[in-house]
Amino acid sequence: MTSANAPLPPARIFPLDALPTEYRRGAIAIGNFDGMHRGHQALLEAARSEADAHSTPALLLTFEPHPRSVFRPEVPLFRLTPVEAKARIAAAFGLDGIVVVNFDPEFAKTTATDFVDAVLVRQLGISAAIIGHDFHFGHDRQGSPAFLAHAGVRRGFTLSVLGAVIDEHGEAFSSSRVRRCLEQGSIEAANVELGYRWFVTGTVQHGDKRGRELGYPTANVRLPSDCGLALGIYAVTLTRADGSVHEAVASYGRRPTFDNGAVLLEVHVFDFNDQLYDESVIVTFHAFLRPEARFDSIEALIEEMDRDSLNARRVLATAGPGTALDQRLATIAPPPLVAPAGSIR
């Protein structure tokens, strides 16, 4: 277990129509930011730098739900970073807040001109916009970087357009690549793409106590139904609201030896006797250990759980503190969730 000083809060989250006056005139990074990968992080750094240069707030403007969920609702989208996770990462980059636009079918009809005039200028009063080179906006994607640059001259804000951030193989970092890695259980590859260890947040919920009967009590967190993470066993750490970090092994799956039920994240925290019910926690993924499997007997299952625990301890013993961003994230508290989403069994 690692103890920490009192953690810092995540960045504040504001609905578009409720931005306090003191947050107006900000430098704003605009985009979907699902994954908050290394390409997105360049936008956050640019927003913070621009804000510092002109003594203004640094904000992130994003859309909920993800626009693809509105345009193609029949195709589930594996969301990598819900807005609460974005708020932790934004805080790690020193941003002052996140502005959330409610992206529904009505908002999708907003023209590029109205997005600039009504949202950026009238509601947010921005001083600077920071976007990626491929960012388009407005009905039928009418708004381009060139359109936004001309609008800025007309409406009194500056625009910074950042090019793609390229990896060592000459490919741009992308949310699609992160999703594929996580769907395949390639945790280490996903974490390289992200520049930090992928994490989920949730509230520990009550369960049926079966894990305790097996000698492996678990803190259970139900993840969103769109989570595409590979079913299996993982080496993880669990971070509590007080900032303490605990090594653990986790199962993400349907429990085929028992009920083959709804997918659940079950975290067994090593050397731990405290209660976690109804507590907001962060579960950080370090490595994929094996796929989920069905066992013919409880004894065989327990033997495998013993091996899983030993393997997880070995992985975590050599994990180290991670990247500089991992270390900054370690100072940011779990988000307070509106409703329980997640138990010790």
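Everything numeric in this text was worked out from a predicted model, so none of it was measured. Values below: all heavy atoms of this structure, side chains included; hydrogens, waters and symmetry mates excluded.
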Please report the closest heavy-atom contact between [X] and [Y], naming both atoms and the distance.
| X | Y | answer |
| --- | --- | --- |
| Pro10 | Ala333 | CG-O, 3.6 Å |
| Ala11 | Ala91 | N-CB, 3.5 Å |
| Pro57 | Glu22 | CG-O, 3.5 Å |
| Thr56 | Ala27 | OG1-N, 3.8 Å |
| Ala58 | Ala47 | CB-O, 3.9 Å |
| Thr203 | Ser280 | OG1-OG, 3.9 Å |

For Val70 and Phe63: C-alpha separation, side-chain torsions, deciding distance, then whether side chain to side chain contact (heavy atoms under 4.5 Å, CB included) applies. CA-CA 11 Å; Val70 174; Phe63 307 91; over 6 Å; no

If we ignore hydrogens and angles and just use 3.5 Å, is the side chain of [X] paired with the main-chain N or O of [Y] as donor and acceptor?
| X | Y | answer |
| --- | --- | --- |
| Arg38 | Val192 | yes |
| Arg254 | Ala262 | no |
| Arg197 | Thr284 | no |
| Glu193 | Ser174 | yes |
| Gln41 | Leu194 | yes |
| His169 | Glu171 | no |
| Gln327 | Gly322 | yes |
| His268 | Pro217 | yes |
| Ser127 | Gly26 | yes |
| Thr331 | Pro7 | no |

Flag the pair [X] / [Y] as yes when at least one side-chain heavy-atom distance between them is below 4.5 Å, and no otherwise.
| X | Y | answer |
| --- | --- | --- |
| Glu304 | Arg290 | yes |
| Glu266 | Arg255 | yes |
| Glu299 | Ile302 | no |
| Asp274 | Arg240 | yes |
| Val99 | Thr62 | no |
| Arg177 | Asp167 | yes |
| Val249 | Ser309 | yes |
| Val75 | Arg68 | yes |

How far does [atom1] of [X] sit from [atom2] of [Y], to the nearest 0.5 angstrom?
| X | Y | atom1 | atom2 | result |
| --- | --- | --- | --- | --- |
| Arg48 | Ile130 | CZ | CD1 | 10.5 Å |
| Phe270 | Thr237 | CZ | OG1 | 11.0 Å |
| Asn191 | Ser186 | CG | OG | 10.5 Å |
| Arg79 | Ser175 | CZ | OG | 9.5 Å |
| Glu168 | Ile166 | CD | CD1 | 11.0 Å |
| Phe137 | Gln142 | CZ | CD | 9.5 Å |

From CA spacing to verdict: salt bridge (Lys or Arg N to Asp or Glu O under 4.0 Å), Lys86, Glu64: CA-CA 12 Å; Lys86 292 177 184 177; Glu64 289 291 337; 3.7 Å; yes

Starting from [Y], can I reach [X] by hopping between I/L/V/M/F/W/Y residues whose side chains sit under 4.5 Å apart?
| X | Y | value |
| --- | --- | --- |
| Leu59 | Leu162 | no |
| Tyr234 | Val204 | yes |
| Val269 | Val315 | no |
| Leu289 | Val267 | no |
| Phe115 | Phe14 | yes |

Indicate the ring-plane relationship of Trp198 and Phe285, choosing parallel, tilted or perpendicular according to the 30° and 60° boundaries. tilted

Evaluation steps, side chain to side chain donor-acceptor pair (under 3.5 Å), between Thr323 and Asp326: CA-CA 5 Å; Thr323 65; Asp326 281 312; 3.2 Å; yes

Looking at His133, I want to see if its NE2 is surrounded by more than 12 non-hydrogen atoms of other residues, nucleotides or ligands under 6.0 Å.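 Enclosed: over 12 neighbouring heavy atoms sit under 6.0 Å from NE2 of His133.
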
Is it the case that over 12 heavy atoms from other parts of the model lie below 6.0 angstrom from the NE2 atom of His150?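 Result for NE2/His150: open.
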
Just do the side chain to side chain contact (heavy atoms under 4.5 Å, CB included) check on Leu61 and Val101 with the steps written out, would you? CA-CA 7 Å; Leu61 176 67; Val101 175; 3.5 Å; yes

In terms of side-chain geometry, is the basic nitrogen of Lys109 or Asp114 positioned less than 4.0 Å from the acidic oxygen of its partner?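 Looking at Asp114 together with Lys109, the answer is no, because their closest N to O distance does not fall below 4.0 Å.
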
Any ion pair linking Arg179 and Asp34 (charged N to carboxylate O, less than 4.0 Å)? yes

Step by step, work out the side chain to side chain contact (heavy atoms under 4.5 Å, CB included) result for Phe288 and Leu229. CA-CA 10 Å; Phe288 179 81; Leu229 179 66; over 6 Å; no

Aromatic ring centroids of Phe71 and Phe103 under 6.0 Å?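 Yes, they do, as the ring centres are separated by less than 6.0 Å.
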
Consider side chain to side chain contact (heavy atoms under 4.5 Å, CB included). Of Ile28, Leu43, Leu159, which one does Ile131 pass it with?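 Of all the options given, the one that passes is Leu159.
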
Begin with the C-alpha distance, continue with both residues' side-chain angles, and end with the deciding distance and a verdict on side chain to side chain contact (heavy atoms under 4.5 Å, CB included) for Asp226 and Leu77. CA-CA 6 Å; Asp226 61 25; Leu77 176 65; 5.9 Å; no

Before giving the answer on salt bridge (Lys or Arg N to Asp or Glu O under 4.0 Å), spell out for Asp271 and Arg313 the whole-Å C-alpha distance, their side-chain angles and the decisive distance to 0.1 Å. CA-CA 11 Å; Asp271 310 315; Arg313 286 181 185 270; 3.3 Å; yes

Does Arg88 qualify as a cation-pi partner of Tyr196, given the criterion of NZ or CZ under 6.0 Å from the six-membered ring centre and within 45 degrees of its axis?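 No; the conditions do not both hold, so Arg88 does not lie above the ring face of Tyr196.
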
Could you work out the complete set of other residues in the hydrophobic cluster of Phe173, with links drawn between I, L, V, M, F, W and Y side chains under 4.5 Å apart?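 In the cluster with Phe173 are Val165.
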
